[in-house]
Amino acid sequence: SPRVLHAVEVAGYKATSREDRAIQPRESRLNDRRTQLAIAAVVLWLAGAVVSMLIGRPELARLPYALAVVAGAWTFGRAALQAVRVRRIDMNVLMTIAILGALLLGDWAEAAAAAALFAIGNLAQSLTFDRTRNALSSLSTLTPTDAMRIVDGREELTPVDRLTHGDLVRVRPGERFPVDGLLTEGATTVDEALITGESMPADKRMGSQVYAGSLNGTGSVLVQVTHTASESTIAQIVDLVETAQGGRGHAEQTIDRFAAIYTPVVVGLAVLLAVAGGFLTGDWRDWATRGLVLLVIACPCALIISTPV
């Protein structure tokens, strides 16, 4: 529903309704806001470093560092805010706390570095999912959109999604099979590498099974439809991968359960370290920095991101 889609966007993510989930090639990554923000964060961070170290004016570097923090933390900062609203502490909250703490301590370079690097890490995860999406898009385009159906002895060009079980389809040499079916007339060789991975063409005779998307080689054949476009082997492959992407594996669920306990414990230890160390030594700044370092190095982001990737 629109309310669900809006809630997902408020949390800093994007969603597509199940009815509109048709696979389409994604636009250039450079047009994606997350990519632009991550690149801007890195560029601004490096600009601040150049101003601070080469020019020797660290006070002038605060502006590019601050802009790097805004650009880098824009996406996961919104996700952290939403997580706090639902009383859940996750890796986005950990990194946001660490960055805000660094800013409060005046460590502008460290805050900018953390924001830029974490934004790049999130971008790498998103790129991994996009590669799978683009591979599925390429796979789905190999199936013809129209087929030559035999109706009362005549050939009639028909959209593939209108074919039903038992229809007869003519497939000529060099064309791809539009649906899964059985050969009822003719003989040919078929390149089925798309489905089976076998590099050598397979010989097909009357009664042989053929698959949508495979390439007809030498003969003109008639195919009786046994599976519609939505039931074909290639459609099932796409659906299985989409389901795997949208679902959560056992390992991922285990990691999430672990992180739900581990993350609040880490926050508690960081606070305890900062308060106890500052109280015992009187150096509150040093021990606050140590507490923030603990947050960053103990952040389970590598563990959590590695599973879906």
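Position 1 is the first residue of the sequence; numbering continues from there.
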Trainee: Check Val93 against Ala83 and note the closest heavy-atom contact, atom names and distance.
Mentor: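 What the structure gives for the nearest pair is CG2-CB, 3.9 Å.
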Trainee: Does Tyr65 reach the main-chain N or O of Ala49 with its side chain, forming a donor-acceptor pair under 3.5 Å?
Mentor: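 Side chain of Tyr65 to backbone of Ala49, a donor-acceptor pair under 3.5 Å: yes, one is there.
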Trainee: Please tell me whether Leu37 and Ile120 are part of a single hydrophobic cluster in this structure, the criterion being side-chain heavy atoms less than 4.5 Å apart.
Mentor: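 No, Leu37 and Ile120 fall in different hydrophobic clusters.
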Trainee: Using side-chain contact (heavy atoms from CB on, under 4.5 Å), reason through Phe177 and Ile234 one step at a time and then give a plain yes or no.
Mentor: CA-CA 11 Å; Phe177 289 93; Ile234 197 169; over 6 Å; no
Trainee: Spell out, yes or no, whether Met148 and Leu183 are grouped together once hydrophobic residues are joined by side-chain heavy atoms under 4.5 Å, including indirect joins.
Mentor: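 No, no single cluster joins them.
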Trainee: Could you pull out all residues at least two apart from Leu46 that satisfy side chain to side chain contact (heavy atoms under 4.5 Å, CB included)?
Mentor: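 Leu46 satisfies side chain to side chain contact (heavy atoms under 4.5 Å, CB included) with Val42 only.
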Trainee: Identify the heavy atoms of Thr188 and Gly219 that sit nearest to each other, and give their distance.
Mentor: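 For Thr188 versus Gly219, the nearest heavy atoms are OG1-N, 3.0 Å.
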Trainee: Side chain of Arg205, backbone of Ala187: donor and acceptor closer than 3.5 Å?
Mentor: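 Looks like no, no N/O pair under 3.5 Å.
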Trainee: Would you say the side-chain atoms of Asp180 pair up with the backbone N or O of Ala212, donor to acceptor, closer than 3.5 Å?
Mentor: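 Confirmed, Asp180 side chain pairs with Ala212 backbone.
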Trainee: Roughly how far, to the nearest 0.5 Å, is CG of Leu222 from CE of Met206?
Mentor: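 Output value for this atom pair is 9.5 Å.
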Trainee: Testing Leu157, Leu163, Val160, Val225 one by one against Arg149 for a side chain to side chain contact (heavy atoms under 4.5 Å, CB included), which residue passes?
Mentor: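 Result: among Leu157, Leu163, Val160, Val225, Leu163 is the only option passing the side chain to side chain contact (heavy atoms under 4.5 Å, CB included) with Arg149.
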Trainee: In Å and rounded to the nearest 0.5 Å, what is the CZ to CG distance from Arg285 to Asp107?
Mentor: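 Atom-to-atom, Arg285:CZ and Asp107:CG are 5.0 Å apart.
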Trainee: Are Val267 and Val84 joined in one hydrophobic group, where the rule is that I, L, V, M, F, W and Y side chains link up if heavy atoms are under 4.5 Å apart?
Mentor: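 Yes.
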Trainee: Has Asp167 got a side-chain atom pairing as donor or acceptor with Thr164's backbone, closer than 3.5 angstrom?
Mentor: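 Yes; at least one donor-acceptor contact below 3.5 Å.
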Trainee: So, taking the atom named CD in Glu110 and the one named CD1 in Ile99, what distance separates them when rounded to the nearest 0.5 Å?
Mentor: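 Answer for the CD-CD1 pair, Glu110 versus Ile99, is 12.0 Å.
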Trainee: Nearest 0.5 angstrom please: Ile237 CD1 to Thr233 OG1, how far?
Mentor: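 Answer for the CD1-OG1 pair, Ile237 versus Thr233, is 6.5 Å.
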Trainee: So if I apply the side chain to side chain contact (heavy atoms under 4.5 Å, CB included) rule between Val171 and each of Val179, Val210, Leu215, Asn216, which one comes out positive?
Mentor: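 Checked Val179, Val210, Leu215, Asn216 against Val171; only one passes side chain to side chain contact (heavy atoms under 4.5 Å, CB included): Asn216.
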Trainee: Verify the cluster assignment for Leu117 and Trp108: are they in a single hydrophobic cluster under the rule of side-chain heavy atoms below 4.5 Å apart?
Mentor: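 Yes: a chain of side-chain contacts under 4.5 Å links Leu117 to Trp108.
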Trainee: Using every non-hydrogen atom in the two residues, find where Ala202 and Glu192 come nearest and quote the distance to one decimal.
Mentor: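 Closest approach of Ala202 to Glu192, heavy atoms only: CB-OE1, 4.0 Å.
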Trainee: With a 4.5 Å heavy-atom cut-off, do Val169 and Pro178 have their side chains touching?
Mentor: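 A side-chain contact under 4.5 Å exists here.
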Trainee: Ala61 and Gly48: which non-hydrogen atoms are nearest, and at how many Å?
Mentor: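 It is CB-O, 3.3 Å.
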Trainee: Look at the side-chain heavy atoms of Ile, Leu, Val, Met, Phe, Trp and Tyr, link any pair under 4.5 Å apart, and say whether Leu63 and Trp74 land in one connected group.
Mentor: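 Per the 4.5 Å side-chain linkage, Leu63 and Trp74 are not co-clustered.
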Trainee: Only one of Leu67, Ile39, Val69 passes side chain to side chain contact (heavy atoms under 4.5 Å, CB included) with Leu44; say which it is.
Mentor: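 When Leu67, Ile39, Val69 are each tested with Leu44, the side chain to side chain contact (heavy atoms under 4.5 Å, CB included) holds only for Leu67.
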Trainee: Where do Ala111 and Leu103 come nearest, in terms of heavy atoms and distance?
Mentor: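 Minimum heavy-atom separation between Ala111 and Leu103: CB-CD2, 3.6 Å.
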Trainee: So, Thr289 versus Asp286: side-chain donor-acceptor pair below 3.5 Å or not?
Mentor: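 There is no such pair between these side chains.
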Trainee: Do you know which two heavy atoms are closest between Ala79 and Asn92, and how far apart they sit?
Mentor: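 Nearest pair, atom of Ala79 first, then Asn92: CB-ND2, 3.7 Å.
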Trainee: Could you give the distance from CZ (Arg172) to OG (Ser220), rounded to the nearest 0.5 Å?
Mentor: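 The distance works out to 5.5 Å.
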Trainee: Drop me the distance from Gln224's CD to Ile150's CD1, to the nearest 0.5 angstrom.
Mentor: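 The CD atom of Gln224 sits 12.5 Å away from the CD1 atom of Ile150.
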